[in-house]
Enquirer: 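Below are the structure tokens for one structure; questions will follow.
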Amino acid sequence: MTAARTPDSQEADDLDVEEALALVKPETRTAAGTGSVPAPVPEGGSKAGRSDAHHKATPWPEARVVAERAARALPRRTPVSVPLDASLGLVLAAPLTALTDLPSFDTSAMDGWAVAGPGPWEVREEGVLAGQAEPEALTDGEAVRIATGARIPQDATAVMRSEHGRIDDKGRLFATREVVHGQDIRPRGQECRTGDQLLPAGVVITPAVLGLAAAAGYDTLAAVARPRVEVLVLGDELLSSGLPQEGRIRDALGPMLPPWLRALGAEVVAVRRLGDDAKALHKAITGSSADLVVTTGGTAAGPVDHVHPTLHRIGAELLVDGVKVRPGHPMLLARTKEDQHLVGLPGNPLAAVSGLLTLAEPLLRTLAGRVAPEPYTLPLQEAVHGHPYDTRLVPVALRADRAAPLHYNGPAMLRGIAASDALAVIPPGGARAGQELELLDLPWATAGIDVCVT
């Protein structure tokens, strides 16, 4: 069930009431790691009713490793053949090798004249344009007008640029500067020879890769198929349109998650709004054929939080049950089928973002065949207080060579993340001004694939 909360101070932004209480009395759940999901909470029961064992949440770095490892444990995904115009953002499943020499014939690098031997030259009447068949060979002392990209006539020794030549009143061509043998001719195979590896497998298909593949003669590419994701939005209090009213709030995650998941390399096959309906949730999870099911809300232990009981009912294997991170500590990762996982995101919007970057991103990146980004750090522009025991993820704006923390970073807030470039990883206890910290880029800040930001 999604929580609705409006903190009225910056202190409340940074540490909500639920988090403060968690420091005093940690909730009790089944031990984290692989194993079965805890028994469901009896109707009207408490968190302690779910399990008598003390719950130990997974440390944040370890949770990300678990998510990546879960994807790697799956069988290798069968490559798909995708037309060029549909492959942007996918990953090459096989090396891109040259199907022909590039260029495939000697071509002119400039507009000007193809010349043979030393000048001056007699200029032919017919010029040579790009796309024409092989032109007639030149003899010493001859020149012909030529366009950029046109095929070089046999026995031509150089291309002289238009601005470097003049024609006298008798139609003879003279050079205004020295002509060097082979100048401005792109020889056949200058860029590659047939069979050369142009790019290795695992490269993300960018617009430049599409251009190279087309130039090399490809119509389709062997790519890793996008992992298929189904989003289940939970919570009776959510409205899909209009202003918040009568205790109900707008659903922020339904509009936000699909494009975010696509930016992480996924194909979103469905977004379903189920409310707080245990039967509907059970039917949606067991009936899904997606590689990943993402739920929003319902990961705690209240009377209408149905994710844990449903996972227990279907015999899912719980890989991560809570993460030592704020916001978002109630997130979870489960294996629901041999070839399917479920990421349970908290209902608060920024907490859900934390869950996306902690559990969904490593899993989807690995399924999509993408390489993990190189970690990088920047110094903080100002100090940020931390949680006593857990990692904090704080929205920051990148200003020159500093990361400036943004306000409005409470679990239920999106104002800070909407203005941010990245999330700073704040260690337990906080960070001082100038301290170098790891940053998590937002997907549209680095990829720009299939994402439109206006």
Side-chain angles (χ1 to χ4, degrees), residues 71 74-105 107 109 129-133 147-151 186 188-231 255-271 289-292 294 356 360-361 363-373 441-454:
L74 296 173
R76 179 182 291 271
R77 296 165 64 81
T78 303
V80 293
S81 180
V82 184
L84 289 187
D85 60 3
S87 63
L88 185 66
L90 298 179
V91 170
L92 290 176
L96 189 73
T97 56
L99 302 179
T100 182
D101 297 345
L102 286 181
S104 54
F105 47 81
T107 62
L129 300 177
Q132 291 181 340
T148 302
R151 191 165 187 161
R186 291 189 63 209
R188 176 174 182 163
Q190 181 186 51
E191 187 169 1
C192 64
R193 290 290 185 181
T194 302
D196 286 353
Q197 179 174 302
L198 304 176
L199 293 171
V203 169
V204 176
I205 300 171
T206 64
V209 172
L210 289 177
L212 176 62
Y218 284 85
D219 298 316
T220 62
L221 292 173
V224 180
R226 294 184 187 275
R228 301 170 73 251
V229 178
E230 188 165 348
V231 179
M256 180 176 73
L257 291 181
W260 202 312
L261 290 163
R262 283 192 286 268
L264 294 176
E267 175 191 356
V268 179
V269 296
V271 179
S289 60
D291 300 297
L292 174 65
V294 174
L356 269 182
E361 187 276 334
L363 190 142
L364 288 173
R365 166 174 37 82
T366 306
L367 288 177
R370 296 188 177 190
V371 177
D441 277 324
L442 302 179
W444 48 85
T446 55
I449 302 300
D450 285 343
V451 178
C452 179
V453 179
T454 56

Enquirer: May I ask you to test the P373-R365 pair for a side-chain heavy-atom distance under 4.5 Å?
Expert: yes
Enquirer: Please step through side chain to side chain contact (heavy atoms under 4.5 Å, CB included) for the pair T97 and L198, ending with a clear verdict.
Expert: CA-CA 5 Å; T97 56; L198 304 176; 6.0 Å; no
Enquirer: Once rounded to the nearest 0.5 Å, what's the spacing between atom OG1 of T206 and atom CG of L88?
Expert: 7.5 Å
Enquirer: Looking at side-chain heavy atoms only, is the closest gap between L92 and I205 below 4.5 Å?
Expert: yes
Enquirer: Quick one: does L84's side chain get under 4.5 Å of L221's, heavy atoms only?
Expert: yes
Enquirer: Please examine the side chains of P103 and Q190, heavy atoms only from C-beta on, and report whether any two atoms are closer than 4.5 Å.
Expert: yes
Enquirer: For L102, check side-chain contact (heavy atoms from CB on, under 4.5 Å) against everything at least two apart and list the hits.
Expert: T100, E191, C192, A215, A216
Enquirer: Can you check whether V209 reaches L199 side chain to side chain, under 4.5 Å on heavy atoms?
Expert: yes
Enquirer: For a 4.5 angstrom cut-off between non-hydrogen side-chain atoms, does Q197 reach L96?
Expert: no
Enquirer: Which heavy atom in A263 sits nearest to a heavy atom in P443, and how many Å separate them?
Expert: CB-CB, 3.6 Å
Enquirer: If you take all heavy atoms of R193 and R188, which pair is closest and at what distance?
Expert: NH2-O, 3.4 Å
Enquirer: Closest approach of P258 and V268, non-hydrogen atoms and distance?
Expert: O-CG2, 3.6 Å
Enquirer: Please name the pair of heavy atoms, one in G265 and one in P227, separated by the smallest distance, quoted to 0.1 Å.
Expert: O-CD, 3.4 Å
Enquirer: With sequence neighbours excluded, what pairs up with V91 under the side-chain contact (heavy atoms from CB on, under 4.5 Å) test?
Expert: V204, V224, R370
Enquirer: Find out whether R228 and S289 are in side-chain contact, i.e. whether some heavy atom of one side chain is under 4.5 Å from a heavy atom of the other.
Expert: yes
Enquirer: Could you walk me through whether E230 and V294 pass side chain to side chain contact (heavy atoms under 4.5 Å, CB included), step by step?
Expert: CA-CA 6 Å; E230 188 165 348; V294 174; over 6 Å; no
Enquirer: Is there side-chain contact between W260 and L442, with at least one heavy-atom pair below 4.5 Å?
Expert: yes
Enquirer: Between the side chain of D101 and the main-chain N/O of T194, is any donor-acceptor distance below 3.5 Å?
Expert: yes
Enquirer: Hey, could you give me each pair passing salt bridge (Lys or Arg N to Asp or Glu O under 4.0 Å) that has a residue in residues 77-86? Not counting sequence neighbours.
Expert: R77-D291
Enquirer: Start with the C-alpha gap between L261 and L356, add the side-chain angles, then the distance that decides, and say whether side chain to side chain contact (heavy atoms under 4.5 Å, CB included) holds.
Expert: CA-CA 8 Å; L261 290 163; L356 269 182; 3.7 Å; yes
Enquirer: Could you tell me which non-hydrogen atom of L210 sits nearest to which non-hydrogen atom of S87, and how far apart they are?
Expert: CD2-OG, 3.2 Å
Enquirer: May I ask you to establish whether R151 and F105 are in a cation-pi arrangement, using a distance under 6.0 Å from NZ or CZ to the six-membered ring centre and at most 45° from the ring axis?
Expert: yes
